[in-house]
Every structure is written in structure tokens, then in C-alpha cells.
A.B. asks: 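The structure is given below, and queries will be raised subsequently.
Protein chains get the first letters and strands the later ones, always in sequence-line order, with residue 1 at the start of each. Model, not experiment: these values are computed from the prediction.
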Amino acid sequence: MIQVKNLHKGFNGQEILKGINYTFERGKTNLIIGQSGSGKSVFLKCMLGLFKADKGTIEYDGKPYSTFSDEEQRELRTEMGMLFQGGALFDSMTVEENVMFPLRMFTKQKKSEMLARVNEVLERVNLEGNGNKMPSEISGGMQKRVAIARAIVNKPKYLFCDEPNSGLDPQTATVIDNLIQELTVENDITTVLITHDMNSVLEIGERIAFLKDGLLAWKGTKEEIFKTDDASVTDFVYSSNLFQKVRKAQLKGL
Amino acid sequence: MTYLHSIGEYFLMLKGVFGRMTKGSVLKNLILKEIDDLIMGSLGIVAFLSFFIGAVVAIQTALNLNNPLIPKSLVAYAARQSVILEFAPTFISIIMAGKVGSFITSSIGSMRVTEQIDALEVMGINSKNYLIFPKIIAMLTYPFVIAISMFLGIAGAYSAAVLGGFVNSDQFISGLQDEFIPFHLTYAFIKTFLFAFILATVPAYHGYYMKGGALEVGEASTTSFVWTSVVLIITNYAVTQLLLS
Ligand SMILES: Nc1ncnc2c1ncn2[C@@H]1O[C@H](COP(=O)(O)OP(=O)(O)OP(=O)(O)O)[C@@H](O)[C@H]1O
Ligand SMILES: [Mg+2]
């Protein structure tokens, strides 16, 4: 569980986050949605400690992360996994080395044990047999899956995903969404997932927070998001043609 | 004002580099890789340049020695002094600022723009230590490069002077030993150590703190080369003033 209280963050005098309060639940995929530029990535980076919040607190299962020293933060970060918007695989390492990296840095396991775990997670993301390839030799969707494998290899308690399926075809996107959802439930992880893809919302939106103008403008589930009257939410949701048609069909009672 | 800010940021970066250490076994591999990339990868070009610079210095000196009162062995003396004092440590370092420096800036910079540095930090790794410390340690072997450069520079001078028929071998060897001051070597290697540190850290700074995308990585490499050269030249001036005058 991650609790965010009254989080403020600005750059050069311009406030991006204006007092966010939210609790991310354990064993659930917690979605953050919002327009491009609404501050989703900034919010996530504040939670990770990559940006220092101007005001407010962030607690990880009761641990006051935001007031921790750099060293204490580093300690807690070994329990986090992060899936970056662009994958952020180390391009000088093979797929296997990438996935093994957190184990090599933070565990005292033998090489054979590490390899076994790496193969296990690679299999989990359907990439068995690709361990010796370089990131540049595999497709974007495969890179994302390698990044997921790397994020979960050391059994994190907290998983952060910044637009895990941007730039992917709808089918692969769905596969990745479901993979994250399953891993979250299987391992009882607190997962925070940023997206502006309504398909993801439909697929895995059990808990949704909508970010607008630096505030959490709305929260609810995927069932609720299609029923709400909140104008800012409906503007966002129905900006897509497809969903406008769905909406019309709903209204017609089809 | 922005310069002051950059200088402050540079020293903060250094503090981070010597902060929490990366796991020893991992660090060892990183250092070996950096030695391979930064040092071994530069030996070829350094050897080539040094030999021909030495040769040109010898020819230039020989061509200007028209006065019969000046001994021919001066060719060797002049080559030795210029190669040891400036050409090997300073000139080669400027070349290295282009070669090694832009390599460091672009490799760290592209890790920055593709969020690989953030990925390291999120894992709880001290990315400054992980990325920059091994480069500094690898550059501790840089004086060997300069020693090779000195040797080949003088060998180049010998080849040009003797094969070109300006002096004979004995004259050259005796000129080489003329008024040799061991402290000049000490001075050259003190410089070299400082240059090694600059060559590792100034380009690293430009890569680590860059912003933007692929295009900016290219720009950062160019800026990095300019600043590394400037810092090298200023340091050279300061050290020379301090140690030789
Ligand atoms: N390092 C930074 N320095 C200054 N401003 C920043 C920085 N990072 C983000 N911003 C600003 O914060 C705002 C929110 O950016 P952010 O990246 O969080 O958007 P986002 O919601 O993730 O958008 P997208 O969906 O396109 O990824 C933008 O106006 C951006 O210019
Ligand atoms: Mg973003």
C-alpha cells in the first residue's frame, strides 16, 4: 500500500501537482489516467523519489519514504520495480544480463540460481530462448516484456509502470496489460500503472484515478467511469471516436 | 552565474561518485571494460600520432639548424623536451578529449535520455558511482598511454632525424641525454594524472546532466569536447606555472 498525502510539485515556479491525496492498494493494479502533460510521469517520479516533492508525504506501507535520506530511499528502492515509458533496457547488455542485473546487484545468489530465476521470469513473459539477444535485436513489444521481467525478477513489493503499452499494437498491448495484472495478483504487489489508453482501462481498470490540472479530479472503477456525469472525465474518455460510438450505442440501449 | 552553477553541480557529482559504492564484483568487471574501451581502444591512434609528431618536430628543428656553431645533437634534445613536456601529455590529452571524452559523454548521455540512468536509480543503485567511478579508475592507467606516447614520439624523431640524414645515430643518442632533468618527467606525469581525472569526469558531467533527446546527445558531445579542452589547457597552465617557474 502506498499512501500519498497532499503532494505538491512544480518546476520553475509553475505548479504541476497541486496537492494530491491517494492510496494505492496492495494486490491491485492502480491506474492513473489523464491527458498528455497532465503530470502523470511527474507524479510517478515523485513517488519513486527521482523528483523531490515540494510538499506532502509519501508512505510505503507506513514507512515515511518522502522524509528518508538518500541512502534510506535507496534501501527501499530495492523493493521496487519500474517499467519505464521507453523500456530503459541497458543497451550494452544482453536480455539475460538485463534481467539478471537486479539479482547481481542485490542478492548473494550463485550464478546458477540467478540463471534459473531469470529463465523462470523470461518464461513468464513468453520470452524463453531470447536470453542471448541484445535489446536492439528484438521488437518493441519484446523489449517491454524484457523490461517487465527485469522489474519483477527480484520479487518487488511495488511495481510502477509508465505507459507500458504506448507504441504497441492493440493485441500486444492487451497481452502486456494482462501480464501486469496477473503478476500483481499472483505476487500481491502494489502496482501503479500510468496510461492514457482507454483499452487498458477497459481491460484492467479496477481502480482508476483521473489526473487533471494537477489534482485528482475523479476516482473509481471501469464500470463507474462509463457512467459518471463528471464532465472532465467524460471529455477525456469520449475523446476517442470508438468510445463515442460505444456511448451512443449505450444511450440507444443497444 | 550558470558557470558557477555548473561548477557546483560538477563537484556535487564527484561527491556522489565517491558516495555509496557499487558491489565489488560488479565494479571489477566495469573497470576492466572501461580499460578496454577507454585505454586499449586509444592506443592505436595515440601511437600513430605520437610517432609522426615526434618525426615532424625533429625535421622542423633540423631544418632550422643552419648555424654551424650549434651542435646537430640539438635535434634530439629539442624533440625530447617538446615531446616529454608538452606533446605527449598535453597534445595527446586534447586528442583524447575528442576521442575518449565524446565517447564518455555520448554513452552516458544516451543512457540519460533513454531513462537508463533513472532505471539504475530506481533499482537503488548509485548511478554516479556505477557509471563514473569505473571510468576514473580505468583512467589511472592513462599515464601508461602517455609513457608509450613519449617513447614513440622520440622514436619518431629518431627515425626522421637519422633516416633523413640530418644527424647520425650517435649524435642523436648523445643529444637525447643532454641536460636531462628528471623533474621534467615528474612534472609531465603529475600533469598526466590530473588530465586523466579531467578526461574522465568533465565529459561524464556533460553526459550525466544532459537534457533532451538523441540530437542533444550530439550537441552535448561537442560542448563536452570544448569544455574538456578548456579545462585541460587551464590546468596545464596552472601546473606549469606552479611546478616549473
Ligand atoms: N524535469 C522537468 N523539468 C521541468 N518541467 C517538467 C519536467 N518534467 C516534466 N515537466 C513538466 O511537467 C508537465 C507534466 O509532464 P509529465 O511528463 O508528467 O506529463 P504526462 O502526464 O506524463 O504526459 P504523457 O502522457 O505525455 O507522458 C509538463 O508540462 C512538463 O513540461
Ligand atoms: Mg508521461
A.B. asks: Please check if the number of heavy atoms outside B:Y10 that lie under 6.0 Å from its OH is greater than 12.
C.D. replies: yes

A.B. asks: A quick test of your reading: do over 12 heavy atoms of other residues, nucleotides or ligands sit less than 6.0 Å from CZ of A:F90?
C.D. replies: yes

A.B. asks: Is it true that atom CD of A:Q35 has more than 12 heavy atoms of other residues, nucleotides or ligands lying nearer than 6.0 Å?
C.D. replies: no

A.B. asks: Using a 4.5 angstrom heavy-atom cutoff, name the option from B:Q116, B:K33, B:M111, B:K23 with the most pairs to chain A.
C.D. replies: B:Q116

A.B. asks: Please determine whether the number of non-hydrogen atoms from other residues, nucleotides or ligands lying under 6.0 Å from atom OH of B:Y237 exceeds 12.
C.D. replies: no

A.B. asks: Heavy-atom distance under 4.5 Å to chain B: side chain of A:D91, backbone, both or neither?
C.D. replies: both

A.B. asks: Taking C-beta and beyond as the side chain, do A:L48 and B:E121 meet within less than 4.5 Å on heavy atoms?
C.D. replies: no

A.B. asks: Decide if atom CZ of A:F51 counts as having more than 12 heavy atoms of other residues, nucleotides or ligands within a radius under 6.0 Å.
C.D. replies: yes

A.B. asks: Enter the distance from B:I117:CD1 to A:L50:CG here, rounded to the nearest 0.5 Å.
C.D. replies: 11.5 Å

A.B. asks: Test A:M80 against B:M123 for side chain to side chain contact (heavy atoms under 4.5 Å, CB included), laying out the working first.
C.D. replies: CA-CA 7 Å; A:M80 300 180 192; B:M123 287 178 198; over 6 Å; no

A.B. asks: Does any backbone or side-chain atom of A:L76 lie under 4.5 Å from a heavy atom of chain B? Answer side chain, backbone, both or neither.
C.D. replies: neither

A.B. asks: Are A:F101 and B:Y130, when compared by the centres of their aromatic rings, separated by less than 6.0 Å?
C.D. replies: yes

A.B. asks: How many angstroms lie between CZ in A:R104 and CG in B:N29, if you round to the nearest 0.5 Å?
C.D. replies: 6.5 Å

A.B. asks: What is the distance from atom OG of B:S25 to atom CE of A:M105, rounded to the nearest 0.5 Å?
C.D. replies: 8.5 Å

A.B. asks: Above 12 or not: heavy atoms from other molecules or residues under 6.0 Å from CZ of B:F18?
C.D. replies: yes

A.B. asks: Tell me, do A:F160 and B:V122 make a side-chain contact under 4.5 Å, heavy atoms counted?
C.D. replies: no

A.B. asks: At what distance, to the nearest 0.5 angstrom, does CZ of B:R20 lie from CD of A:E75?
C.D. replies: 5.5 Å

A.B. asks: Measuring from B:D118:CG to A:M82:CE, what's the distance to the nearest 0.5 Å?
C.D. replies: 8.0 Å

A.B. asks: Is any side-chain heavy atom of A:F84 closer than 4.5 Å to a side-chain heavy atom of B:T114?
C.D. replies: no

A.B. asks: Can you say whether A:Q73 sits under 4.5 Å from chain B via the side chain, the backbone, both, or neither, judging by heavy atoms?
C.D. replies: neither

A.B. asks: Quick check: are there more than 12 heavy atoms from other residues, nucleotides or ligands sitting under 6.0 Å from CE of B:M21?
C.D. replies: yes

